[in-house]
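Step one of this worksheet: look at the structure below.
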Amino acid sequence: MTDTLTASSLGSFARGRRVLVTSALPYANGHIHLGHLVEYIQTDIWVRFQRMRGARVLYVCADDTHGTSIMIRARQEGRSEQELIAAMSAAHQRDFTGFQIAFDHYGSTNSERNREYCAQIWGALRSADFVVEREVTQLFDPTAGVFLADRFVKGRCPRCDTPDQYGDSCDHCGSTYSPTELKDPVSTLSGARPELKSAHHLFVKIEKLRGFLTEWTQEPGRLQPEIANYLKGHFLADELRDWDVSRPAPYFGFEIPDSPGNYWYVWFDAPIGYLAATSEWCDANGEAFDAWWRSTDTEIYHFIGKDIVYFHTLFWPAMLHVAGFPLPKRVQAHGFLTVNGEKMSKSKGTFVLASTYLEHLDPAHLRYFYASKLGPKVDDLDLNLEELAVKVNADLVGKVVNLASRTARFVKESGLSQEYPEDGGLFREAAASGIAIAEAYEACDFARAMRLIMGLADRANEYIDREEPWKLKKQPSSAAALRDVCTVALNLYWQLVTYLAPVLPKLAEQSEKLLGGSLASFAAAEQPLLGTPVAEFEHLMQRVDSKKVEAVMAATRDAATDAAASAVGVSAPSPTSAPVLNQPFEDDGEALAGEPLAPECSFDDFAKIDLRVARVLTAVVIPEANKLLRLTVSLGGEATREIIAGIKSAYAPEALVGRLVVVVANLAPRKMKFGVSQGMVIAAGPGAAEIYILAPDSGAKPGQRVH
RNA sequence: GCCGAAGUAGCUCAGUUGGUUAGAGCACGCGCUUCAUAAGCGCGUUGUCCCCGGUUCAAGUCCGGGCUUCGGCACCA
């Protein structure tokens with residue numbers, strides 16, 4: 001009956017194909033959350049799919065462990081970096097396992113093997129004359145004890161003398177310069193006067209490879225078209241700047257062997273972690289590294305987020321190319337996750353950690369939901385929790401699992417028929433659909449694959465309804481017919497579970513127990529199961545309970561609150577404290593953590609800043625700008641100022657006119673694209689819709705100073 | 001302003017190389033069924049396929065122009 005398809009054609013389509021797959025390395029500075037999981041679930045599904053088609057797949061990942069923030073966090077927590085990253089790696093791996101993400105090997109960038117590969121690639125860059133060493137005289141903040149990047153230094157423009165300019169270029173005259181040329185430089189970190197300090201810096205002259213990279217990135221199928229386009233128009237159109245790959249001590253990372261006191265920048269050693277992880281796996285499994293990474297027979301795939309595209313499409317291929325490694329066949333980027341249409345937020349309970357989710361909900365639900373949403377494009381993906389419940393309940397429970405649920409019990413005694421019954425071509429058609437489904441998986445168009453599968457599920461349910469097995473059951477004379485109908489239904493179910501197995505490995509496993517076959521290969525969808533026993537039916541999947549969804553969000557909010565409490569050292573309230581808050585606040589530590597306190601300043605320092613109450617007289621949008629409003633404010637009497645403020649996204653002009661605000665009145669005028677701004681309106685918030693202007697209580701008058 | 005993507009039923013989306021009365025799921029209404037996890041099946045309602053113009057025997061699909069939305073960049077001290 002399935003003779004139109006050669007047996008196991010789907011399952012062996014990729015036999016002999018050797019595929020090396022990576023997900024981006026999660027940073028050891030934080031726990032895995034639902035946003036990370038988009039990538040790992042996407043990759044894991046793709047890997048499982050490739051295996052089911054007969055490819056030999058190696059899936060590796062590792063923790064990304066280096067950098068300043070790890071160093072500082074370890075200090076704050078009073079433990080070594082090694083302790084910190086070991087604990088975080090264990091937590092990461094626990095979370096991944098919980099979501100059935102199955103790496104072949106999970107390494108760390110802080111491994112000896114990684115250091116070796118870093119040295120190897122570094123050596124190749126050196127000998128191919130890609131490294132420029134420059135004795136750079138850099139500004140150093142003696143208070144904070146760190147070298148200052150350009151934008152952490154301000155001063156007067158060396159060309160036109162305009163004050164308050166950043167270390168790289170002047171907004172007034174447009175000239176560019178080195179921060180050391182700034183007059184009267186100030187560190188924006190501590191306010192200290194930076195010292196000149198000589199530092200050895202190492203750069204990779206990536207411009208030498210612009211032709212090669214252009215060709216490589218524009219190769220069809222290499223990158224998603226929108227990304228190839230973007231690179232072509234933005235980076236590759238101009239001369240590529242030398243890439244600064246070193247950081248001076250102190251830095252948690254690998255010291256550069258031929259440049260003592262300098263460390264490889266975290267983004268240098270992070271992708272090399274792919275090599276190290278592969279190598280470690282090879283050692284542990286008696287495989288030859290060269291067969292995986294040095295062989296042109298191996299197809300290398302990187303799954304990444306859109307934020308790190310240029311590391312993986314410019315620097316990384318450049319490094320591999322120079323060091324003589326084959327390059328990735330494809331770099332697949334995905335968008336960011338939003339929850340209920342917004343950025344994830346701890347206070348709203350949508351910044352959900354993987355571990356929190358797992359305490360309440362089934363990982364399979366998230367895997368299916370992501371699969372149903374993930375296409376080949378770089379679009380952001382929205383996790384609407386209501387939609388998740390509806391989709392999972394309707395598709396997986398109502399359609400797919402229901403097929404087994406409504407027929408398996410009827411054949412518990414008899415098992416499946418010996419011969420495949422007439423089914424009107426349903427099985428054959430579903431087997432043939434495997435090609436389109438496989439193509440969709442291959443192209444990372446999981447949403448399409450899910451749609452195709454659900455279409456098949458609809459047809460199977462219609463079949464059961466037509467055949468009415470429950471009626472056959474009531475007539476002992478129809479026993480054979482009953483068994484035939486259930487055989488068809490369960491085989492159609494079997495096909496669906498085959499196709500869904502990359503997404504729902506646990507369901508596949510349970511189904512193997514129920515029906516006794518093997519779902520290791522897509523070939524399972526081509527040959528019906530016949531004459532086999534059927535096990536006692538057990539529920540294969542629970543519905544999504546919206547109470548549990550709410551519990552996840554509540555737990556997320558609670559965790560944020562607890563973190564805030566411990567962050568500010570709140571202990572039990574003192575019995576003598578007078579006014580008691582009878583209403584609990586849910587102020588989390590998100591904001592403070594995101595922007596730590598600035599170094600202490602003296603009263604004199606503070607007094608330099610002249611804050612004044614002002615009244616907004618006029619406010620108009622600047623149409624050409626995306627974020628700016630042009631305000632006229634009064635400081636009382638005739639004194640007015642024009643201020644350009646980046647608050648358009650949060651305030652309509654008419655909502656501002658007439659109200660009192662606080663302005664920095666003695667801020668040096670700043671020439672901007674749309675005019676000169678004579679001051680600054682004080683506001684809080686992360687930006688976009690969340691900008692909150694400070695207002696004095698009623699009674700304050702324009703012109704009054706804020707002390 | 002620049003670059004990119006997208007605009008199809010109340011919602012989420014599908015519509016392959018232009019080809020018959022534009023589809024699915026959810027929601028809604030009516031009916032059937034009761035094997036199944038308040039699951040399933042049938043029938044039905046809802047559309048200026050963003051707008052204008054062009055090519056064509058034929059445009060949701062191709063071309064030109066415009067509008068809107070969302071990303072990214074610039075601008076935000």
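First the proteins, then the strands, lettered A, B, ... as listed; each starts at 1.
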Task: Rounded distance (Å) that lies between atom C1' of B/C73 and atom CG of A/Leu231 - done: 14 Å
Task: Any donor-acceptor pair under 3.5 Å from A/Tyr441 side chain to A/Tyr499 backbone - done: yes
Could you run down the sub-3.5 Å N/O contacts of the protein with nucleotides 8-17 of chain B?
residue: B/U12; atom: O2'; partner: A/Lys373; partner atom: NZ; Å: 3.2
residue: B/U12; atom: O2'; partner: A/Glu387; partner atom: OE2; Å: 3.4

- [ ] Between B/G47 and B/G10, how far apart are the C1' atoms? Round to whole Å, please.
- [x] 11 Å
Open item on the list: Please classify the nucleic acid contact of A/Arg409 as base, sugar-phosphate, or nothing, using heavy-atom distances under 4.0 Å.
Closed with: sugar-phosphate
TODO: Dump the intermediate steps for side chain to side chain contact (heavy atoms under 4.5 Å, CB included) on A/Leu403 and A/Leu490, then the final yes or no.
DONE: CA-CA 7 Å; A/Leu403 289 170; A/Leu490 287 169; over 6 Å; no
Task: B/G60 to B/A6 separation - C1' atoms, rounded to the nearest Å - done: 14 Å
TODO: Provide the distance between the two P atoms, one in B/U69 and one in B/A59, to the nearest whole Å.
DONE: 30 Å
Task: Candidates A/Asn393, A/Asp458, A/Asn461 - the one meeting side-chain hydrogen bond (donor to acceptor under 3.5 Å, both in side chains) with A/Lys399 - done: A/Asp458
TODO: Starting at atom CD of A/Gln542, determine the distance to atom P of B/A39, rounded to an integer number of angstrom.
DONE: 14 Å
Task: Gap between atoms CZ and C1', on A/Phe336 and B/G71 respectively (whole Å) - done: 10 Å
TODO: With a 3.5 angstrom cut-off on both distances, give the Watson-Crick or G-U wobble partner of B/C28, or none if there isn't one.
DONE: B/G44
Open item on the list: Mind checking if A/Val401 touches a base, just sugar-phosphate, or nothing, with heavy atoms under 4.0 Å?
Closed with: base
Open item on the list: Check this one for me: any side-chain N or O of A/Arg406 less than 4.0 Å away from OP1 or OP2 of B/A39?
Closed with: no
Task: A/His539 side chain, from C-beta outward: closest of B/U37, B/G4, B/C35 - done: B/U37
Task: Residue whose nearest RNA chain B nucleotide is more 5′ - A/Ala457 or A/Ile464 - done: A/Ile464
Open item on the list: What is the distance, to the nearest angstrom, from the CZ atom on A/Phe537 to the C1' atom on B/A39?
Closed with: 11 Å
Task: Interatomic distance at P, B/C67 relative to B/G42, whole Å - done: 46 Å
Open item on the list: Distance check, P atoms only: B/U45 and B/G29, in whole angstrom units.
Closed with: 16 Å
TODO: For A/Asn461, report the nucleic acid contact type (base, sugar-phosphate, nothing); a contact means any heavy atom under 4.0 Å.
DONE: sugar-phosphate
Open item on the list: Looking only at the side chain of A/Arg543 (C-beta and beyond, no hydrogens), which of the listed nucleotides B/U37, B/C35, B/G40 gets closest?
Closed with: B/U37
Open item on the list: Side chain of A/Trp470 only, heavy atoms from C-beta on: which candidate in B/A36, B/U34, B/C41 is closest?
Closed with: B/U34
Open item on the list: I need the full list of side-chain hydrogen bond (donor to acceptor under 3.5 Å, both in side chains) pairs touching residues 538-552 of chain A, with sequence neighbours left out, sorted by first then second residue.
Closed with: A/Glu550-A/Arg557
- [ ] Please check if the distance between the ring centroids of A/Phe351 and A/His33 is under 6.0 Å.
- [x] yes
- [ ] Indicate whether OP1 or OP2 belonging to B/A6 is found under 4.0 Å from a side-chain N or O atom of A/Lys377.
- [x] yes
TODO: May I ask which nucleotide in the shown strands pairs with B/A39, Watson-Crick or G-U wobble, both distances under 3.5 Å?
DONE: none
Task: Out of B/U37, B/C75, B/A36, whichever nucleotide has its closest atom nearest the side chain of A/Leu628 - done: B/C75
- [ ] Starting at atom CG of A/Asp238, determine the distance to atom P of B/C3, rounded to an integer number of angstrom.
- [x] 14 Å
Task: Complementary nucleotide of B/C57, counting Watson-Crick and G-U pairs under 3.5 Å - done: B/G19
Open item on the list: With a 6.0 Å cut-off (strictly less than), is the heavy-atom count around CZ of A/Arg241, excluding the residue itself, greater than 12?
Closed with: no
Open item on the list: Work out how far the C1' atom of B/A39 is from that of B/G4, and round it to whole angstrom.
Closed with: 44 Å
TODO: Check whether more than 12 heavy atoms from other residues, nucleotides or ligands sit under 6.0 Å from atom NZ of A/Lys306, and answer yes or no.
DONE: yes
- [ ] Have a look at A/Met541 and say if it touches a base, only the backbone sugar-phosphate, or nothing, with a 4.0 Å heavy-atom cut-off.
- [x] base
TODO: Could you tell me the separation between the CG atom of A/Asp545 and the C1' atom of B/A38, rounded to a whole number of Å?
DONE: 14 Å
Task: 5′-ward residue of the pair A/Tyr230/A/Ser405 relative to RNA chain B - done: A/Ser405
Task: Given A/Lys471, A/Arg459, A/Arg406, the one that forms salt bridge (Lys or Arg N to Asp or Glu O under 4.0 Å) with A/Asp465 - done: A/Arg406
Open item on the list: Base, sugar-phosphate or nothing for A/Val390? Non-hydrogen atoms, less than 4.0 Å.
Closed with: sugar-phosphate
Open item on the list: Give me the distance, rounded to whole Å, that separates B/C26 from B/U68 when you measure between the C1' atoms they each carry.
Closed with: 26 Å
- [ ] Mind calculating the distance between CZ (A/Arg466) and C1' (B/A36) to the nearest angstrom?
- [x] 18 Å
Task: Listed partners of A/Phe410 passing ring-ring contact (aromatic ring centres under 6.0 Å, His included), at least two apart - done: none
Task: Proximal nucleotide (of B/A5, B/C35, B/G25) relative to the A/Asp379 side chain - done: B/A5
TODO: Take the protein atom CD1 of A/Ile643 and the nucleotide atom P of B/A77, then report the distance between them rounded to whole Å.
DONE: 9 Å
Open item on the list: What's the gap between B/A27 and B/G54 when it is taken at their C1' atoms, as a whole Å value?
Closed with: 40 Å
Open item on the list: More than 12 heavy atoms of other residues, nucleotides or ligands under 6.0 Å from CD of A/Glu386: yes or no?
Closed with: no
- [ ] State the pairing partner of B/C73; accept Watson-Crick or G-U wobble contacts with both distances under 3.5 Å, and report none otherwise.
- [x] B/G1
Open item on the list: Considering every strand and a 4.0 Å limit on heavy-atom distances, what is the contact class for A/Leu540: base, sugar-phosphate, or nothing?
Closed with: base
